[in-house]
Amino acid sequence: MFTRQSFKNHYEGIIEPFRIIGNVYFVGTFPASSHLIDTGDGLILIDTGYNDTLFLLINSIYKLGFSPQDIKYIIHTHWHWDHTEATAALVHLCGAKTFIGEKDFENAKKYFIPDVCLKDGDVIELGNTKINVMETPGHTRGCISLFFEADENGIKYQVGTFGGAGANTLRKGSFDYEGCREDYRNSLNMLRKKKVDVFIGNHVWNNDTQTKGDILRTTGENRFINSEIWYEFLDFCEKRLDKVIEDEAADKK
Ligand SMILES: [Zn+2]
């Protein structure tokens, strides 16, 4: 669990699109996740991925029976290129309104000009969907996590994502900003207060998207419904932060 795979080219990490739960779909690739929500009044896309995987994203949306032209909102978990690079080209295609955490606004301008800056407690509403925004700084200063409800067969599920789990920016020399480690730990504590029935990772390795997706598509068994994995992943993230700090202390000896 929680292991990565790397590819020479991003577009080699193809994943067959599928419905995760209710109106929530996976349309990303292995190197960068993207999720689509069919709100009944247009589509919301969470993260766009790389320019060289945009054709796969568009193909995945079509394969599921939707049209990229119906994307109304694009929400970004943070400004890094694996979540934002394809946004400018996609906006050209569909004219969607773009959202990002307020404190990632300046950096995001490397890839696109965000229309809306989000703050802690903001709610993004479209059609049948209300997405609650939580600021979870650490991986980047403006990283946000998203929480919303999805309905399947009359059962309501709490869906959640941690918008920036990566430890790469927590290492000395690669800091996104001073104080990022303290922020990251605080963010984990805030995230632990949320109840999440269906954890959607903003990278496939966060929640074993591919394996669970293959099982879901072939057998109908939905292993995304698991209220423990959220906490397991947050613990994993905290241990990884501790390890970064320990390794650094060991190097100094
Ligand atoms: Zn990142």
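Every number for a ligand or one of its atoms is a count from 1 in the order of the listing. FYI, the numbering just counts along the sequence from 1.
Using a 4.0 Å cut-off between a side-chain N of Lys or Arg and a carboxylate O of Asp or Glu, Lys243 and Glu248 do not qualify as a salt bridge.
Of all non-hydrogen atoms in Lys119 and Val133, the two that sit nearest each other are O-CG1, 3.7 Å.
Shown here are the protein N/O/S atoms lying under 2.8 Å from the Zn ion (ligand 1), water excluded: His78 NE2, His80 ND1, His139 NE2.
For the pair Lys130 and Phe148, the NZ or CZ position fails the cation-pi test of under 6.0 Å to the six-membered ring centre and within 45 degrees of the ring normal.
Partners of Lys97 under the side chain to side chain donor-acceptor pair (under 3.5 Å) rule, at least two apart in sequence or in another chain, do not exist in this structure. Qualifying side-chain contact (heavy atoms from CB on, under 4.5 Å) partners for Ser33, counting only residues two or more places apart in sequence or in other chains: Phe26, His35, Val204.
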List the atom pairs, with distances to 0.1 Å, where a side-chain N or O of residues 154-162 and a protein N or O form a donor-acceptor pair under 3.5 Å, not counting sequence neighbours.
from	atom 1	to	atom 2	distance (Å)
Lys156	NZ	Asp151	OD2	2.9
Gln158	NE2	Glu149	OE2	3.1
Thr161	OG1	Ile200	O	2.9

